[in-house]
Amino acid sequence: MNPMQKLLQLPASAVNLVRFQQGMAGEEAKSPVLTPDGGQQVWYNAMQADELRLLKSPEQVAAPENSTSGSQTQPLRHDDLKEMLDSNKDSLKLEAMKRIVAMIARGKNASDLFPAVVKNVACKNIEVKKLVYVYLVRYAEEQQDLALLSISTFQRGLKDPNQLIRASALRVLSSIRVPIIVPIMMLAIKEAASDMSPYVRKTAAHAIPKLYSLDSDQKDQLIEVIEKLLADKTTLVAGSVVMAFEEVCPERIDLIHKNYRKLCNLLIDVEEWGQVVIINMLTRYARTQFLSPNQNESLLEENPEKAFYGSDEEDSKDDKPDAASLVKRKPYVMDPDHRLLLRNTKPLLQSRNAAVVMAVAQLYFHLAPKAEVGVIAKALVRLLRSHSEVQWVVLQNVATMSIKRRGMFEPYLKSFYIRSTDPTQIKILKLEVLTNLANETNISTILREFQTYIRSMDKDFVAATIQAIGRCATNIGKVRDTCLNGLVQLLSNRDELVVAESVVVIKKLLQMQPSQHSEIIKHMAKLTDNIQVPMARASILWLIGEYCEHVPKIAPDVLRKMAKSFTSEEDIVKLQVINLAAKLYLTNSKQSKLLTQYVLNLAKYDQNYDIRDRARFIRQLIVPTEKSGALNKYAKKLFLAQKPAPILESSFKDRDHFQLGSLSHLLNAKAVGYQELPDWPDEAPDPSVRNVEVPEWTKCTSREKRKEKVEKPFYSDSEGESGPTESADSEPESVSESESESGSSSSESGSDSGSRGEESGDQSEEEKKKKKKGKEGPRKACLESAGSDPSEEEEEQGKKGKKKKPQHEGKGGSETSWEEGSISESSSSESDSGSEAEESQSEPESKRRTTPPSSKPAPKASRKGTKEISLLDLDDFTPAPPQPASSPAIVSTSLVTDLEGLTLTDASLTPTMLSPVFSTVKTYELLHRMAGEGLSVEYYFNRQPFPPDPHMVAVQIQFSNNTESEVKNLRVSEPKLVSGMRIQEFQEIESLAPGDTANVIMGIDFCDSTQAANFQLCTHSRQFYVSIQPPVGELMAPVFMSENEFKKEQGKLTGMSEITEKLTLPDKCQSDHTIVQRVTAAANVSRVPCGADNEYRFAAKTVTSGSLVLITLEWKEGARAHLTVNSEKMVIGTMLVQDVSQALAQ
Amino acid sequence: MIHSLFLINCSGDIFLEKHWKSVVSQSVCDYFFEAQEKAADVENVPPVISTPHHYLISIYREKIFFVSVIQTEVPPLFVIEFLHRVADTFQDYFGECSETAIKDNVVIVYELLEEMLDNGFPLATESNILKELIKPPTILRSVVNSITGSSNMGETLPTGQLSNIPWRRAVVKYTNNEAYFDVIEEIDAIIDKSGSTVFAEIQGVIDSCIKLSGMPDLSLSFMNPRLLDDVSFHPCIRFKRWESERVLSFIPPDGNFRLISYRVSSQNLVAIPVYVKHIISFKENSSSGRFDVTIGPKQNMGKTVEGVIVTVHMPKAVLNMNLTSTQGSYTFDPVLKVLTWDIGKITPQKLPNLKGIVNLQSGAPKPEENPSLNVQFKIQQLAISGLKVNRLDMFGEKYKPFKGVKYITKAGKFQVRT
């Protein structure tokens, strides 16, 4: 039957159906409520009452119907609805339809109402009509014959002069899933595809996949329609047709060629959902058509791979193309079309729609040159603030990306820090990303974070953190010992799950270097008494068995205990007991022979066949009998072979062979309908296929036409495009196109003239723009350089410090002992310099450090008496307060140090700084160790408000007792102060144990002068005269103000109160970041936002009198700069100018 | 794309279903319930679940699960974003996105869903277009409708769908032409126990309420646009103008919408407006602990910090808390173990303090972790980043609109570790 015949037959069947319908109606008419004919009046009255009842209490009526809808009596229940539908009052019909839709919404079956509903398809009331459509689309599939009744209405609608009615008719028609109307649908779609209205064409595009899913035989015809619609130039159609393309014929990539440039140019104006689909499709397209932009690098990676896979038969072939490609590939130039795609998608990173951002991100990840991929990181990090579902998906993708391109996310490390309120699944993903981002420079910060996480209440999360620490330890050799020791401490945790997880991770770590850690193995052996988690027990047993040579005394004893409890163990534990027994038998048969036999006998009768099997197998292997074969000789080799250490890998490794952002990537399995992302071709296909013919004469007309157009694309002004893009730009609107009359958007693909006209039209503004751009360039660059993470900065300084260190080493002063400790530990420990000898008494600490690491970890912890069990004692990573200027050096060097002899955890409790910018806290010496007879005192200004008295400057004082005996009753006495100055003493420290340190805060009111505060520091036995002289920068507290306020205040403080100085900035001090850092380090000020380029403003108030201090630094051309300080207090102003300019000149 | 949608409430009832293609049985939700059970916590239900024949992608909003059924490969974010858009639309229409609101307006919900998706592919998601198609319910209209029998369908044909600025209705008329911008900044921070800032960042949005007649073309400029580090735009904003001139140029949607959201780079130092001093300790071997929290304003910026609320999720072992506060009131929920301290305004003269005893379950081990404090606060008339709107210009229309800008700073995810 050809389509035409079908179509012609239809009315006949429809007529039949209508007759049937009338019959039914007739039957209904016989119901006692209604009189068949002539009784219009009566019927009306009756209905009136009925109507009122229905309107008054629709709920009551609906309720019983709902409750019994599942039962068989249902059809009867709907009588009232049928009545209402048959009435000629729209309000009744509407009410009935509403109730029916409510039933559908609840998933109740309303199919028996079909005949009554379908009659109303031609109802005049729009809402009733729409609801009927809803019903029809839902049930047409079940009642195909009756559904045909409605078709003619839609066919009529397709011819309507109004485009919206045409569109909606097509929409409903195509949504009715009735195979018999396929030919009608096909015709309708074809017709609509060449409709004048782009909206109707859009609807046609939507209808294509519907028809395809109904009857896939129509594919060829549909492809024709798709091809036609792909050529459409309106943004309205683009998204929908690409969607249809993806569903019907994703393999026909050749259809895209001619439309590629147009799609790229239109992209920005397409609605958001269409953008996602188009971008994903173009990613695939680009992978087939362009060369890899990273091929120069990938070539290096490829070669070993080839050697690995290269099979014999291909070898001969391989040589030739390889050589050829080497020659050919060298001058890689990116295809301009490839560039066009990257350029036109980039602005969409700013979209509010997470799906669009993700689509662009994956496009860049898969297509962009390595150097350019970085731009997506910022946008992805932004999405992390969205709904938790979005976070979840984005984090999965970031996890995959961060394995390949770690550098990309490194600047945003802190955005992945975990909050205690995050859901567990988000926490674990963030942890994954943090672990992926860990490297030698940031590991200290990351481990410090991990340390906080370990104490979380969320035990699943703690377990994941422990694993993450394990992974960091395997990947970054230099922190392995720190991590291992931290994990060992966790073994004494109260929570069993934590202990178990640590055991498992420690086992993996120990495998890397077992010989050095027999202590840990011993410690773990002891745990078998307490730990119940099977996996952990099994891990311990395996460890003991594997390294029984290192613990010759303990191993047999453990076996003895396990043999005792063998029957009550879990299966995996039993297997490991057998394993242990076998290994012990081989190495130490004297002590363990009987035990092994006993265990094997027990296992022989175990319920689990695996265990029985294993026991039998092992018995044959290790116990020499006359029957046992040659294998026996090799038993030792079999069991005690060197085992490679496991590599802890991310579960996200290699997931990027799935297109990122796709469902398949998320599930790590191919989803239905997933289109593989093809590999880059070796040779680029002919790029000319994308060229579009431009007949010369149309160009002119199109230009003219363009001017007439009222509406232009809203957004796509592709300025400054070049190369073949130009040809895409000058693509003419085909002459036949007559969209302007439909009042809809035209698709002029944004040429310069058109869009600029819209923007402003005048040239001068354009020029201004350019000037601004030029200015902005260098500025941006310097901003970016300043953008480096503060922590990174810290690291860098740490490195610098390290370099300096060797010079210090000779002196062996107290300051350097820290670093020395760490160094000497890694080298041979006894070779400490001679200075050690003379200071050994006063420096027990450094000595302790030099002792071998694993000797006595447990007693140390207890001796320190830290109340809080610091699990991974990494607190020494904080720039330790007592260190003088070189303190940042510790940051990285101390990483290597063992857990022993670290500062107390309490040390980190001291409030340090307002923000990371102040990472260099300057400490001053109050009392030298020598002068203080072993008691050394240092202080620094912590820049926190001093709560008891806001007019005081807070001074943090750190005492460290380097003597052998306790220092008691540390206090301040007899301050000798200049008039007006006041001191708030700290609370007396009752005693300070040898080797201990203590921190206190005292407040001093310096009266806004730099006069020193003199006082005595008393201990139980001695008194020391000390003085604190504040640098002028510490006499103030930062204030926050806006630019305007700043200007206003500055205006008031001119003349005498203004001090200006010219200075030249040294080379290394020419980035925003360093300037801000230096100024804020020199004085306790806060930065004031500033609109002008190359100008920095800071504000503060003096602590005592509260007078404003304003600093302005203007950066002139080159290295010259003007420093201005405005302050009522002229003395402070002058001193501050000196200090700041000194700080900047350094 | 999206095959079906099920709305499920917290007790596991499927109270609404909608199918865009052939019908999928409700039983598919069993896989979802299974996952929900496994997750124990609503927040931990994986948003994507794979079943033998379908994939379920769900979001959780306002105690409702929106579970969509997918049959073929589709970007998961596409679906998630769309579902959130659906929830936003409900919110917009009914004032809240709750089960009762949806049940009460089931017909409108159905009409909306019908318009928003065609064959599972998003069709009209802009609120302005939808409102043209289906009028949101108001009390007045529902009364009028029930009397006159008129419908809440738009009488006129929706022309918004045809325009190339789909977010704006065609003919808009107001007697008072007004444009309001709210610059709202939130401080996200993690403060460690020593009081130093581990991480701090400012996230801002500009929410607008524009009631202007005709087709106004606005441009909004800032005093210091360089502050904005990363920006995401409403589709109405012309990207090129922003790139070249740092000016927001746009034809606004009608009514309320979010113009941009931005992030202020973390390289600028973030002024943290409050500090928290805390002593929270649990004694070994005794069933009590100490709790002492003081909060105070840190940077003196001449503005009062108000609406301060501290929430603490106490460890499980905590039974109850006996506290006294110098200001505000506190409540402790012994079931959820959540302590909420509503302080209100902070005056620097007398810092609010809350201290007392924490009672622990006897015999329970001492909690290992101190709970972290979540702080909320608000500062009116201040954008903490220093962002300032310079001017708003209007082109394309003759009248003079009333323009207003409001600044407000809030705590975002502000957490103090103890």
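No hydrogens, no waters, no symmetry mates; every other heavy atom, side chains included, goes into these values.
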- Message: Which atoms of B/Glu126 are under 4.5 Å from chain A, going by heavy atoms: the side chain, the backbone, both sets, or neither?
- Response: side chain
- Message: Looking at chain A, which one of B/Glu43, B/Lys388, B/His19, B/Gln415 has the largest number of heavy-atom pairs inside 4.5 Å, strictly under?
- Response: B/Gln415
- Relative to chain B, which segment of A/Arg382 carries a heavy atom at a distance below 4.5 Å: side chain, backbone, both, or neither? both
- Starting from the C-alpha separation in whole Å, work towards a yes-or-no answer on side-chain contact (heavy atoms from CB on, under 4.5 Å) for B/Leu351 and B/Tyr275. CA-CA 11 Å; B/Leu351 300 181; B/Tyr275 68 91; 3.4 Å; yes
- A/Val277 versus chain B, the contacting section by heavy-atom distance below 4.5 Å: side chain
- Item | Residues in side chain to side chain contact (heavy atoms under 4.5 Å, CB included) contact with B/Lys18, at least two apart in sequence or another chain | B/Trp20, B/Tyr110, B/Leu113, B/Glu114
- Query: With only heavy atoms counted, which part of A/Asp422 is less than 4.5 Å from chain B, the side chain, the backbone, both or neither?
  - Reply: neither
- Heavy-atom distances under 4.5 Å only: say whether A/Val356 touches chain B with side chain, backbone, both or neither. neither
- Note on the structure: Honestly, the part of B/Ile59 sitting under 4.5 Å from a heavy atom of chain A is both
- Heavy-atom contact with chain B under 4.5 Å, split by part of A/Val390: both
- Hey, which of A/Met97, A/Met358, A/Met243 has the most heavy atom pairs under 4.5 Å with chain B? A/Met243
- With sequence neighbours left out, write down each residue that passes side chain to side chain contact (heavy atoms under 4.5 Å, CB included) with B/Ser50, or none if nothing qualifies. A/Leu667, B/Tyr55
- Message: Taking side chain as everything from C-beta outward and backbone as N, CA, C, O, which of these in A/Ser213 sits under 4.5 Å from a heavy atom of chain B? Side chain, backbone, both or neither.
- Response: neither
- Task: Please look at A/Ser415 and chain B and tell me whether the side chain, the backbone, both or neither of the residue comes under 4.5 angstrom of a heavy atom of that chain.
- Result: both
- Item | B/Trp242 and B/Phe222 aromatic ring geometry - parallel, tilted or perpendicular at 30°/60° bounds | perpendicular
- Item | Residue part contacting chain A, namely of B/Leu387, when any heavy atom lies under 4.5 Å | neither
- Item | Interchain contact, B/Asn374 with chain A, by part (heavy-atom threshold 4.5 Å) | side chain
- Message: Please classify the contact of B/Pro46 with chain A as side chain, backbone, both or neither, using a heavy-atom distance under 4.5 Å.
- Response: both
- Item | Per-residue contact mode, B/Arg61 against chain A (heavy atom under 4.5 angstrom) | side chain
- Task: Measure A/Lys202 against the heavy atoms of chain B and call it side chain, backbone, both or neither at under 4.5 Å.
- Result: side chain
- Part of A/Glu141 within contact of chain B (heavy atom distance under 4.5 Å): side chain
- Task: Pick one of side chain, backbone, both or neither for A/Leu348, based on which atoms fall under 4.5 Å of a heavy atom in chain B.
- Result: neither
- Message: Counting only non-hydrogen atoms closer than 4.5 Å, does A/Asn280 touch chain B with its backbone (N, CA, C, O), its side chain (CB onward), both, or neither?
- Response: side chain
- Task: Below 4.5 Å from any heavy atom of chain A, which atoms of B/Asp41 appear? Answer side chain, backbone, both or neither.
- Result: neither
- Could you tell me which portion of A/Glu247 (side chain, backbone, both or neither) has an atom closer than 4.5 angstrom to a non-hydrogen atom of chain B? side chain
- chain B heavy atoms under 4.5 Å from A/Ser420: which part of the residue, side chain, backbone, both or neither? both
- Under 4.5 Å from a heavy atom of chain B, the part of A/Trp392 involved: side chain
- Is chain A contacted by the side chain of B/Ser58, its backbone, both, or neither, given a heavy-atom distance below 4.5 Å? backbone
